[in-house]
Colleague: 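My questions all concern the structure below.
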Amino acid sequence: MQLALEALVSSVTFVSVDTGTLSTEYQAIISLSQQVRSVAELSALLRMPLGVTRVLIADMAAEGLVQIHQPSLDAGKPDLNLLERVLSGLRRL
């Protein structure tokens, strides 16, 4: 699965797996994605290379630990909701 930088990641509210048995990276991603965050933002917060973060998130999504919300572009037009969320995030910085 190829994840876009702006793809949003959220942790699944009910996980049937004991998170204590997960790797520290998985635990950190679950914790950070309690609040919806982009792949790029998670990578920066984890201080981890983007490629590694993408692989971990894709693996976690396959295991049902996180949900990925890929941006959808219709006929080359950017998603207005995505742009508003980005602008809101930038204002919070």
Colleague: Treating Ser43 as the side-chain partner and Met48 as the backbone partner, does any N or O pair qualify as donor plus acceptor under 3.5 Å?
Modeller: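 Pair found, side chain donor or acceptor close to backbone of Met48.
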
Colleague: When rounded to the nearest 0.5 angstrom, what is the spacing between CG in Leu46 and OG in Ser31?
Modeller: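 Answer for the CG-OG pair, Leu46 versus Ser31, is 9.5 Å.
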
Colleague: Ignoring hydrogens and angles, write down the donor-acceptor pairs under 3.5 Å from the side chains of residues 83-93, residues two or more places apart or on other chains.
Modeller:
from  : atom 1 : to    : atom 2 : distance (Å)
Ser88 : OG     : Arg92 : NH2    : 3.4

Colleague: Restricting to non-hydrogen atoms, name the atom on Val66 and the atom on Ile57 that form the minimum distance, rounded to 0.1 Å.
Modeller: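 Nearest heavy atoms, Val66 then Ile57: CG2-O, 3.9 Å.
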
Colleague: With sequence neighbours left out, which residue pairs that include part of residues 28-50 fulfil the salt bridge (Lys or Arg N to Asp or Glu O under 4.0 Å) condition?
Modeller: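 For residues 28-50: Arg37-Glu41.
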
Colleague: Quick one: CG on Leu32 to OG on Ser11, what's the gap to the nearest 0.5 Å?
Modeller: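 Those atoms lie 9.5 Å apart.
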
Colleague: Transitively linked via ILVMFWY side-chain contacts under 4.5 Å: Val39 with Val52?
Modeller: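 Hydrophobic grouping puts Val39 with Val52.
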
Colleague: With rounding to the nearest 0.5 angstrom, report the OG to CD distance, Ser10 to Gln34.
Modeller: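 Ser10 atom OG to Gln34 atom CD measures 9.0 Å (nearest 0.5 Å).
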
Colleague: Out of curiosity, Leu50 CG to Leu42 CG, how far, rounded to the nearest 0.5 Å?
Modeller: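 If I round to the nearest 0.5 Å, the distance is 10.5 Å.
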
Colleague: State yes or no: do Val36 and Leu5 share one hydrophobic cluster built from I, L, V, M, F, W and Y residues joined by side-chain heavy-atom distances below 4.5 Å, directly or via other members?
Modeller: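 No, Val36 does not connect to Leu5 through the hydrophobic network.
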
Colleague: Do Ser38 and Glu6 pair up side chain to side chain, a donor and an acceptor below 3.5 Å, judged on atom types alone?
Modeller: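 No donor-acceptor contact under 3.5 Å links the two side chains.
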
Colleague: Enumerate the salt bridge (Lys or Arg N to Asp or Glu O under 4.0 Å) contacts for residues 20-34, please, sequence neighbours excluded, ordered by first and then second residue.
Modeller: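 Salt bridge (Lys or Arg N to Asp or Glu O under 4.0 Å) check on residues 20-34 returns no pairs.
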
Colleague: Has the side chain of Gln27 got a donor or acceptor atom that lies under 3.5 Å from a matching backbone atom of Leu22?
Modeller: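 Yes, the answer is positive, given that a donor and an acceptor are paired below the 3.5 Å cut-off.
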
